[in-house]
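The structure appears below as structure tokens.
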2 protein chains.
Amino acid sequence: MIERFWSISIGAGMDDPAVIRHPSASVEDYVKAIWEVAGSGAASTKDVAERLSIAPPSVTNMFVRLQEMGLVEYERYRGASLTRRGREEALRLIRRHRLIETFLLEHLGYSWREVHEEAERLEHAVSDGFTERLAEFLGHPGQDPHGDPIPAADGSLAPDDSFPLGEATAGQRVRISKVGDDPSTLEYLGDHGLVPGRLLSVREVRDLDGVITVEDEDGESHALGAPLAGAVFVRGE
Amino acid sequence: MIERFWSISIGAGMDDPAVIRHPSASVEDYVKAIWEVAGSGAASTKDVAERLSIAPPSVTNMFVRLQEMGLVEYERYRGASLTRRGREEALRLIRRHRLIETFLLEHLGYSWREVHEEAERLEHAVSDGFTERLAEFLGHPGQDPHGDPIPAADGSLAPDDSFPLGEATAGQRVRISKVGDDPSTLEYLGDHGLVPGRLLSVREVRDLDGVITVEDEDGESHALGAPLAGAVFVRGE
DNA sequence: CCAGTAAATTAGGTTAGGCTAATAATCTGG
DNA sequence: CCAGATTATTAGCCTAACCTAATTTACTGG
Ligand SMILES: [Mn+2]
Ligand SMILES: [Mn+2]
Ligand SMILES: [Mn+2]
Ligand SMILES: [Mn+2]
């Protein structure tokens with residue numbers, strides 16, 4: 001009697017198809033970068049390459065792999081967009097990143113300049129268990145210290161209805177919700193008390209040069225050029 | 001302060017400015033494994049392979065690379081021993097590991113069972129800056145919670161003059177300095193208050209079965225078999 | 001609508017760090 | 001002191017992630 005054996009399984013033996021494992025640090029950073037440059041749209045090879053400081057062909061190559069992992073939808077020449085799973089992974093990573101930054105700032109005495117780099121590595125090394133215990137330790141913050149919302153453990157992210165101060169109109173009263181995370185911007189804004197939670201009255205929006213003048217709660221007046229005004233996000237009061 | 005960014009000269013390549021770069025996580029774990037299995041002697045391929053759960057040929061290969069990096073002295077068929085730099089790297093890693101474990105236990109509510117695995121990954125992701133701020137946050141502990149000494153920032157490690165309780169003699173008064181880190185051992189000892197710092201009087205050392213009977217500070221008596229008695233390290237009082 | 005440019009992909013490498021199978025060296029107990 | 005067992009090395013592969021150079025595709029403005 002002849003017995004026939006055949007196998008339906010794809011790929012190499014039953015060794016370990018790439019389906020299960022945690023994404024590597026690289027994969028996580030790519031997924032986060034796609035989220036950051038494209039949100040729910042499609043991210044271009046170039047944008048992702050620039051954000052990650054990686055050569056474009058490497059990105060093309062990774063887009064293919066991310067699709068095989070089910071993290072993105074990818075079509076040649078038209079970029080990659082996150083699948084539901086990809087989005088979940090991105091938000092899980094961002095949650096870790098922002099909680100870690102909060103911890104470093106509030107408990108270890110880090111300055112803003114140092115925080116991001118450390119978090120960029122640590123975010124890949126902590127488990128979900130660590131993350132939730134850290135959230136508990138921090139009192140389950142909803143935003144990180146410069147106002148970026150921290151995604152919830154279930155992956156949900158509060159919709160953001162804030163807009164750049166540069167788009168405000170004279171006479172408006174607004175509250176700072178978050179500030180850009182460029183180090184020198186952050187330093188300037190911090191020094192002048194322009195931090196999340198602060199209430200501002202928009203005095204003048206000068207079209208000529210884009211300078212916006214605001215008055216803070218203490219009656220202090222600030223004139224901000226377009227780059228700065230674009231880094232301060234506010235919500236109407 | 002010790003110089004910790006070191007250069008690996010890569011022959012003719014000049015492709016990269018071959019400077020800098022921390023050892024990779026793998027390299028760090030190898031160096032630590034060599035320290036753990038051999039101290040200042042030579043570690044065998046087999047011992048390191050077993051400790052790291054890696055195939056022996058991979059270890060042989062890494063021994064060669066570690067030597068090229070100046071971290072070990074290696075001779076075919078006679079194992080690898082750490083150079084001064086290798087020892088420094090190992091102790092720096094162990095410092096990070098033990099400080100992280102201390103933090104996880106004392107501040108994030110981890111149990112002993114969970115701590116080690118998390119620290120095993122985090123130890124590779126934290127910077128020296130993080131490590132020193134964490135040490136500060138923790139109050140510069142000299143030992144981790146089960147009594148293992150934490151190497152100082154300068155790489156020095158207090159010499160260990162403790163010995164297993166199994167080697168004590170009847171009538172001796174001893175203080176527990178550290179306990180083995182096997183999870184179930186740890187659980188038993190913790191439940192019975194046999195933790196570092198505790199003072200014990202050795203009542204009986206029974207050669208017949210290796211059982212040691214001790215009395216603690218509260219007059220409580222404990223009979224410990226050889227495996228347990230070997231996991232409790234003490235110092236004479 | 002089409003040529004020139006910008007973006008993307010393909011082709012062909014590299015390095016780190018793993019693996020297995022085959023072979024060689026060392027060690028040990030009779 | 002030597003044969004078998006143990007340990008180590010060599011040979012040959014593999015995958016993940018990067019790279020540069022060459023080529024192809026897509027976009028855009030005249
Ligand atoms: Mn950040
Ligand atoms: Mn990162
Ligand atoms: Mn440990
Ligand atoms: Mn480790």
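Quick note: numbers below take in every heavy atom, side chains included, and nothing from hydrogens, waters or symmetry partners. Sequence lines set the chain letters: A, B, ... in the order given, protein chains first and strands last, and positions in each chain run from 1.
- If you check every strand for non-hydrogen atoms under 4.0 Å, B/Phe63 touches nothing.
- Regarding B/Asp29, its CG atom lies at a distance of 15 Å from the C1' atom of C/dA16, rounded to whole Å.
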Extract all donor-acceptor atom pairs below 3.5 Å that involve side chains of residues 66-79 of chain A and protein atoms in other chains or at least two apart in sequence.
residue	atom	partner	partner atom	Å
A/Gln67	NE2	A/Tyr74	O	3.2

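- Taking side-chain N and O atoms only, B/Ser26 has no distance below 4.0 Å to OP1 or OP2 of C/dA16.
- A perpendicular orientation is assigned to the rings of A/Phe137 and B/His107, their planes being inclined by more than 60° (bins at 30° and 60°).
- Taking side-chain N and O atoms only, B/Arg76 has no distance below 4.0 Å to OP1 or OP2 of C/dA24.
- Picking from D/dC18, C/dG18, D/dT7 the nucleotide with the shortest atom distance to the side chain of B/Ile54 gives C/dG18.
- Rounded to an integer number of Å, the gap from CD of B/Gln67 to P of D/dT9 is 12 Å.
- With distances taken from any side-chain atom of A/Ala55 to the nucleotides C/dA8, D/dC19, D/dT9, the minimum falls on D/dC19.
- For A/Pro57, taking side-chain heavy atoms from C-beta onward, the closest of the listed nucleotides C/dG18, C/dA8, C/dT10 is C/dT10.
- Computed from coordinates, the B/Arg78 CZ to C/dC27 P distance equals 7 Å when rounded to whole Å.
- The residue A/Thr45 sits close only to the backbone: its heavy atoms come under 4.0 Å of sugar-phosphate atoms, none of a base.
- Not one side-chain nitrogen or oxygen of B/Ser58 sits closer than 4.0 Å to the OP1 or OP2 atom of C/dG18.
- Residue A/Leu66 contributes atom CG, which lies 11 Å from atom P of D/dC18 at whole-angstrom precision.
- D/dA16 atom P lies 7 Å from atom CE of A/Met69, rounded to whole Å.
- Under the 3.5 Å distance criterion, with hydrogens and angles disregarded, a donor-acceptor pair is assigned to the side chains of B/Glu114 and B/Ser111.
- In this structure, the side chains of A/Ser24 and A/His124 stay at 4.5 Å or more apart for every pair of heavy atoms.
- Residues B/His116 and B/His97 bring a donor and an acceptor atom of their side chains to less than 3.5 Å of each other.
- In this structure, the CD atom of B/Glu28 is 15 Å from the C1' atom of C/dA16, given to the nearest Å.
- Per the geometry, OH belonging to B/Tyr77 stands 5 Å off C1' belonging to D/dA8, to the nearest Å.
- For A/Asp47 and C/dA8, the CG to C1' distance is 13 Å, given to the nearest whole Å.
- Applying the 4.0 Å criterion to OP1 and OP2 of C/dG18, one finds that B/Tyr30 has a side-chain N or O inside that range.
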